[in-house]
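Okay, structure first, notes after.
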Number of protein chains: 4
Amino acid sequence: MNGEWKARRKPTQARAIATWDAIVEACAQVLRDEGAAAVSTNRIAEVAGVSIGSLYQYFPNKESVLLALADREVETLRDNLEALLRVSGDLHAEVVVEQVIRGMFAMREQHVLLMRVAQADRDLPDMASRRVAVAESLRDMVRRLLARRKGQVREMDADVVSFVIVHAIQGNLQAIDGGLEPWFLSKDELIDEIVALVVRYVRADPPAG
Amino acid sequence: MNGEWKARRKPTQARAIATWDAIVEACAQVLRDEGAAAVSTNRIAEVAGVSIGSLYQYFPNKESVLLALADREVETLRDNLEALLRVSGDLHAEVVVEQVIRGMFAMREQHVLLMRVAQADRDLPDMASRRVAVAESLRDMVRRLLARRKGQVREMDADVVSFVIVHAIQGNLQAIDGGLEPWFLSKDELIDEIVALVVRYVRADPPAG
Amino acid sequence: MNGEWKARRKPTQARAIATWDAIVEACAQVLRDEGAAAVSTNRIAEVAGVSIGSLYQYFPNKESVLLALADREVETLRDNLEALLRVSGDLHAEVVVEQVIRGMFAMREQHVLLMRVAQADRDLPDMASRRVAVAESLRDMVRRLLARRKGQVREMDADVVSFVIVHAIQGNLQAIDGGLEPWFLSKDELIDEIVALVVRYVRADPPAG
Amino acid sequence: MNGEWKARRKPTQARAIATWDAIVEACAQVLRDEGAAAVSTNRIAEVAGVSIGSLYQYFPNKESVLLALADREVETLRDNLEALLRVSGDLHAEVVVEQVIRGMFAMREQHVLLMRVAQADRDLPDMASRRVAVAESLRDMVRRLLARRKGQVREMDADVVSFVIVHAIQGNLQAIDGGLEPWFLSKDELIDEIVALVVRYVRADPPAG
DNA sequence: TATGAATGAGCATTCATTCAT
DNA sequence: GATGAATGAATGCTCATTCAT
């Protein structure tokens, strides 16, 4: 172990960049196809088609490769969220909520990887900040969506509500790709139900009486 | 690796049972006190005060020990849930929801262990069934609580709703003990907010018009 | 690296002792026959006819093997010195000095090993104490020899004189087995000359005038 | 490994000489500041501010760099000795002996580096010749000092005596900077005592009777 | 039945050296 | 000539598992 969890340097020469990317991508691939337990520097180098020495030229240790992968995934997650926000326009709340959830769902499928990385080394201190980054990005998106619909939703603390929503959705999505998908519930039905959960949570209360 | 994930046998003789328990407890202890990375058969045997040979007399491999521990924890989780149900009586919905969430929260704190085991070897196929067992137990509790309050809640599919509720809660609790607890939200406030989420989700809709 | 430089434990079972000894002896052999650069845990285990795992069962790291070897050599050095003292009887100073030097010389030849170990890892902090132990043992022997010949030698500080003598001899012996043996000087002539050096150093001064 | 232990060539162009020197100096620096274990071609090149490729342009392998450094140090040692001889003039024997020892001592302190190099790779065959060179230089100096004082010293074989003297001194100096400096003896006292050793060794014998 | 000595595949990491640019 | 990306053999060490006693 080493104490440095950052990549030694993000190289600038073309060939070096290719190697760097190949290593991170190989890490992704191994994690995706062979599971967290199979992630070893030797395997990564092998899959990357690169010598073990090259791997250590760019990364001071195994953890730093995982961290680099996590950063890459956080990056693309953010891009996806921006795209989602851009298209969500001024649609009605229920529609947009469904869109968001479907979006998160799609992202999840696409980013199981990130979750695996994040969990793969939960003892690794710097991984925590990546988990925070993911949560923050999602929460930020929800906050902005709600802000655009001031009239349609009840008065509430945007920070709190967005936190609860994001993690309620995450919890349900996680249940599914953790293999907990139940026989009585299709993926689409589940999404409809989560929409109901969220919409009921934020919609304006009926006038008392 | 071995292909068998079950304990070789749950022994019946008194001394053998003691040994078996000591091993599982040692596994729990190491996991709790030294972290998932420290869990090794040699360490478990050492902490259990048992020779490595004895460990392998009762368990065919490392994974089976973790599985046995998971089973033990699932068992006590179920007991805790039963207790919760017994005391929840006929309280008003909001009160009981809060109770349930606090209960789940307490259990989580108490059962971090189970979560750690469950995650510790997510590649281990048989661990999935334990995760299912946990989810099922929780869902069952929620279903029974809702059933007792037919009048206070809207018409709905108990299976679906209990699924969504359990995982919405789980997602939020997970966020907290994953270190995502945000500055703007105390644990108690979060619980209040989850109560709101659930209550709004299940409460009878106001008459249209 | 590990921080522990001691053998994990000196075993008591017969088979275990045999393994322990085989490892230390293999270390000696590699050091003697293949040089300090060839000393690796894998090579030691191989030469010992033992698996690498067994080596690490008894020694926490490479350095501790070298240290154990150093201790073994210090031990036999002490035994040799005791023997030398026992036979030196009440011989005349010059004779006994020659004997001592020949003794040290013989030991040196026999203990090149110890010197190699001691130097092999001079960065290893605990090795220093072994070097001290060697020097102390030799000095102690000289001190005792001088004490027995009070009348034949001048008045002097035994600590100081024994220190100077031991290292003067060591320096010359070292020169030889460091490959510095010169064409103009046979080993025997050198010994005679060192005898002269020491005898002249300690003999009673002629009465002034 | 390569079989060639000499520098590929000592370059003649100004810029090339600068590079060559930078590499040797960097080697010295690493050895001095970071210890023998830290000496690697990559580190040397880095400290020299030179690419690893350039290092291998001038030196066929790592050992040749150490050898070049050893040569440089032998060179300055010789210069120092010449200076010492020049100033020693016609002083009385005891005074000059003390001066010599102090001189050797100072040189040792200054040339720990050389000793470290010499020891750093004692398996390297060509390093032996550098050790010989050091010994020869010192012996030569002693021989010349004695020659100038023919009348004050006894009849003796200059080669033999100078050899014994040099290594007797070396042995004692080595003891000190090997960390064997004892509580009962200050550095100055030790030097006084070595002076006594040498003076008694070479002084004319009293007339028999 | 219990013990613990022994095994060895496997992992993270280093470093001397080469060679395309 | 200089650069530095790339190589890969080798090293220290861990840990699940077996088996003789």
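Throughout, protein chains are lettered first and strands after them, A, B, ... in sequence-line order, and every chain is numbered starting at 1. Heavy atoms only: backbone and side chains are in, while hydrogens, waters and symmetry mates are out.
Shown here for C:Ile23 and C:Tyr58, the closest heavy-atom pair between the two residues is CD1-CD1, 4.3 Å. Between C:Leu66 and C:Cys27, the shortest heavy-atom distance links the atoms CD2-SG, 3.9 Å. Residue B:Asn61 comes nearest to B:Tyr56 through the heavy atom pair CA-CE2, 3.9 Å, listed as atom of the first residue, atom of the second, then distance.
Here F:dT14 presents its C1' atom at 13 Å from CG of C:Leu55, a figure rounded to the nearest Å. Rounded to an integer number of Å, the gap from A:Lys62 NZ to F:dT14 P is 15 Å. Following rounding to the nearest Å, C:Phe59 (CZ) and F:dT14 (C1') show an atom-to-atom distance of 18 Å. Note: CD1 (A:Ile23) to P (E:dA12) measures 14 Å, nearest angstrom. One interatomic measurement links the two molecules: OH of A:Tyr56 to P of E:dA16, which rounds to 18 Å at whole-angstrom precision. In this structure, A:Asn42 atom CG and E:dA12 atom C1' are separated by 7 Å, rounded to whole Å. Per the geometry, CD1 belonging to B:Ile17 stands 13 Å off P belonging to E:dT1, to the nearest Å. Across the protein-nucleic acid pair, A:Tyr58 atom OH and E:dT13 atom P stand 18 Å apart, rounded to whole Å.
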I'd like a table of donor-acceptor pairs (distance under 3.5 Å, sequence neighbours excluded) in which one partner is a side-chain atom from residues 41-53 of chain D, with atom names and distances.
from	atom 1	to	atom 2	distance (Å)
D:Arg43	NE	D:Glu34	OE1	2.8
D:Arg43	NE	D:Glu34	OE2	3.2
D:Arg43	NH1	D:Glu46	OE2	3.4
D:Arg43	NH2	D:Glu34	OE2	2.9
D:Ser51	OG	D:Gly53	N	3.4
D:Ser51	OG	D:Ser54	N	3.1
D:Ser51	OG	D:Ser54	OG	3.3

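At least one donor-acceptor pair under 3.5 Å links the side chain of B:Arg130 to the backbone N or O of B:Asp126.
Within the 4.5 Å cutoff, no side-chain heavy atoms of D:Glu63 are placed close to those of D:Met127.
Looking at heavy-atom distances under 4.0 Å, D:Thr41 makes contact with a base. Using a 4.0 Å heavy-atom cutoff across all strands shown, B:Thr19 reaches no nucleic acid atom at all. Residue-level contact check: B:Ser54 touches the bases, meaning some heavy atom is under 4.0 Å from a base atom.
Scanning residues 43-51 of chain A for heavy-atom distances under 4.0 Å to DNA chain F yields A:Val50, A:Ser51.
A residue-by-residue look at B:Gly53 and D:Gly53 shows that D:Gly53 has its nearest nucleotide of DNA chain F further toward the 5' end. Toward the 5′ end of DNA chain F lies the nearest nucleotide of D:Ile52, the other residue of the pair B:Ile52 and D:Ile52 mapping further downstream.
In terms of phosphate contacts, B:Gln57 brings a side-chain nitrogen or oxygen within less than 4.0 Å of OP1 or OP2 of E:dA2.
Of all nucleotides present, only F:dA16 satisfies the Watson-Crick or G-U wobble test against E:dT7, with each distance under 3.5 Å.
Partner D:Asp21 forms a side chain to side chain contact (heavy atoms under 4.5 Å, CB included) with one of D:Val24, D:Thr19, D:Ile17 and no other, that one being D:Ile17.
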